Amino acid sequence: MILAIYSGYIAGGVILYILFGMPWFDALNHSICAVATGGFSTKAASIGYYDSVSIEMITIILMILGSTNFLAHLCFLSGKPKNFFAHCEMHLTILIYATFIPLSAYFLFAQVGETVPESIRIATFHAISALSTTGFQIVPGFSGWPSTLFLLLTLLMLAGGHAGSTSGGIKQLRLYILFKSIIWYFRDALSSGRMVRADFIQKPTEKQLVTMEMKSETSMFIFVYLLVFLLGSFFLCMHGFDLKEAMFEYSSAMGGVGLSAGITSYDADPSVLWSLSFGMFVGRLEIFVVIIAFLKLLRSAKNAFCGV
C-alpha cells in the first residue's frame with residue numbers, strides 16, 4: 001500500500017510538471033526527488049531555473065506529501081480525514097509553518113528588500129523545503145541573507161519532517177513528545193501528589209501511551225543530535241567560516257537537506273567534506289543506530305583480541 005501511494009504521488013507529480021511546461025525527463029527526476037525529499041535537480045539553479053509559480057506550487061505539494069507520515073496518508077486516502085488531521089505531528093507542522101513562514105517573509109521584506117509578494121513566495125517555498133528536508137531552492141544563493149533568516153532555516157532543518165516519512169532531521173514526533181513532556185512536567189508539579197495521570201499522544205490510527213522510557217529516550221536522542229550538530233558546526237568554524245554559515249551547513253548535512261551557504265563545494269577542504277559526510281551519515285541513519293553498531297563492533301573486536 002505504501003508503494004502504491006508513493007508511486008501514485010510520483011506519477012501525479014510527473015503529469016502536473018509536464019502540463020505546466022517542464023520537460024518529461026526533468027519532470028520525472030524532480031517528482032521522484034520531491035516525494036523522496038531528496039532535493040537533487042537536473043538544473044544547477046534547482047527549481048528556480050524554471051521561474052514558474054505553478055511549478056513551485058507543485059513542488060511544495062510534493063515536498064509536503066513526502067515529509068508526512070505515510071500511515072497518515074493511508075488514513076486520509078481510506079476516507080478517514082479526521083484521523084489525518086488529528087495526528088499530533090500534523091498539528092505541530094501547521095503550527096511551525098504558521099509561525100516560520102510569516103517571520104521569514106517579514107525579514108525578507110524588511111532586511112533583504114524583497115517585495116511583499118516575492119517575500120511570501122520565497123519564504124513559503126524555502127520554509128517547506130527546509131522543514132521537509134528536501135533542499136530544493138528558488139533563489140541563487142543565501143549569501144546576502146541576514147542572520148535571522150539563517151537561524152530560522154537552521155531550526156527548520158534541525159526539526160525535519162514526520163516520523164514514518166522520507167524526510168530527515170530530529171523528526172517532529174520527538175519534538176512533540178519533548179514539548180508535551182515539558183507541559184506534563186509542570187502540570188504534575190502543580191497537581192496533588194496523590195494524583196496519577198497517564199499521558200497520551202494522538203497517532204494516525206490510535207492514541208499511544210507515552211511512557212517514562214519514551215520520554216527519556218526522546219530527550220537523549222535530541223540531546224545527542226544537537227551535540228553532534230554543535231560539534232560539527234564548531235569544526236566548520238575552526239576552518240574560518242562564520243557561525244551562522246557553519247550552523248546552517250551542518251544542520252543541512254545532518255538533515256540530509258542539501259541547502260548550502262557555500263561551504264559545500266568541489267574545492268572545499270577535504271577535512272570539511274569528511275566532516276559533512278559524517279554529519280550526513282549519522283543524521284540519515286539515526287544517531288543511536290550508529291552508536292550502538294559502533295559499540296558492538298568495538299566489543300566484538302575486544303572479544304576477538306582477548307580470545308573470548
Side-chain angles (χ1 to χ4, degrees), residues 37 39 45-48 53 56 59-60 63-64 67 92-161 167-172 175-176 178-179 182 222 225-265 272 276 279 283:
T37 62
S46 191
I47 298 297
V53 175
E56 290 166 19
T59 308
I60 284 173
M63 289 191 295
I64 292 174
S67 62
L92 184 56
T93 298
I94 293 171
L95 177 62
I96 290 172
Y97 284 143
T99 303
F100 279 75
I101 291 176
L103 278 175
S104 299
Y106 170 76
F107 289 119
L108 281 166
F109 172 74
Q111 298 184 346
V112 180
E114 298 285 354
T115 62
V116 173
E118 277 297 295
S119 296
I120 296 172
R121 174 186 177 185
I122 295 171
T124 301
F125 188 91
H126 289 95
I128 294 172
S129 180
L131 187 66
S132 66
T133 70
T134 306
F136 284 135
Q137 63 187 69
I138 59 174
V139 295
F142 305 98
S143 58
W145 284 23
S147 299
T148 48
L149 286 169
F150 271 89
L151 177 60
L152 291 175
L153 288 179
T154 298
L155 292 174
L156 290 172
M157 290 188 290
L158 286 172
S167 60
I170 293 173
K171 298 293 176 62
Q172 291 177 41
L175 293 175
Y176 187 87
L178 178 65
F179 294 149
I182 294 172
I222 294 174
Y225 191 99
L226 293 177
L227 179 62
V228 174
F229 160 69
L230 291 173
L231 290 174
S233 300
F234 178 73
F235 183 81
L236 295 182
C237 288
M238 288 172 59
H239 282 75
F241 298 107
D242 290 340
L243 179 61
K244 67 175 184 180
E245 295 175 350
M247 295 178 71
F248 183 92
E249 203 81 8
Y250 214 80
S251 63
S252 179
M254 289 190 69
V257 185
L259 295 176
S260 176
I263 296 176
T264 307
S265 61
V272 169
L276 293 168

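Since we're looking at a predicted model, the values are computed, not measured.
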State the CD1-CZ distance between I60 and R121, to the nearest 0.5 angstrom. 9.5 Å
Smallest heavy-atom separation, Q172 atom then L92 atom, equals O-CD2, 3.5 Å
Checking T93 against I64 for the side chain to side chain contact (heavy atoms under 4.5 Å, CB included) test, could you report, in this order, the C-alpha distance in whole Å, the side-chain angles of both residues, the deciding distance, and whether it holds? CA-CA 10 Å; T93 298; I64 292 174; over 6 Å; no
Using the salt bridge (Lys or Arg N to Asp or Glu O under 4.0 Å) criterion, which residues pair with E114? Sequence neighbours excluded. none
Show the nearest heavy-atom pair for residues G255 and Y225, with the distance to one decimal. N-OH, 3.7 Å
Partners passing side chain to side chain contact (heavy atoms under 4.5 Å, CB included) against L227 (at least two apart in sequence or in another chain): F223, L231
Any donor-acceptor pair under 3.5 Å from T133 side chain to V257 backbone: no
Rounded to the nearest 0.5 Å, what separates atom OG1 in T37 from atom CD1 in I128? 13.5 Å
Does the side chain of L236 come within less than 4.5 Å of L276's, by heavy atoms? yes
Output the distance between atom CD1 (I122) and atom OG (S129), rounded to the nearest 0.5 Å. 13.0 Å
Could you pull out every donor-acceptor pair under 3.5 Å between side chains of residues 146-158 and any protein atom, sequence neighbours left out?
unit_1	atom_1	unit_2	atom_2	d
T148	OG1	Q111	OE1	2.9
T154	OG1	F150	O	2.7

Can you give me the closest heavy-atom contact between A159 and L175, atom names plus distance? CB-CD1, 3.5 Å
OH (Y250) and CZ (F241) are apart, to the nearest 0.5 Å, by 13.5 Å
Which distance, rounded to the nearest 0.5 Å, do you find between the CD1 of I222 and the CD1 of I170? 5.5 Å
Gap separating the CZ atom of F229 from the OG atom of S233, nearest 0.5 angstrom: 4.0 Å
All N/O donor-acceptor pairs, side-chain side in residues 94-109, below 3.5 Å, sequence neighbours left out:
unit_1	atom_1	unit_2	atom_2	d
T99	OG1	L95	O	2.9
S104	OG	F100	O	2.8

Which atom pairs, donor and acceptor, lie under 3.5 Å between side-chain atoms of residues 134-143 and protein residues at least two apart or in another chain?
unit_1	atom_1	unit_2	atom_2	d
T134	OG1	S132	OG	2.7
Q137	NE2	V139	O	2.8

Pairs satisfying salt bridge (Lys or Arg N to Asp or Glu O under 4.0 Å), at least one member in residues 227-253, at least two apart: none
So T59 and F125, do their side chains get closer than 4.5 Å, heavy atoms only? yes
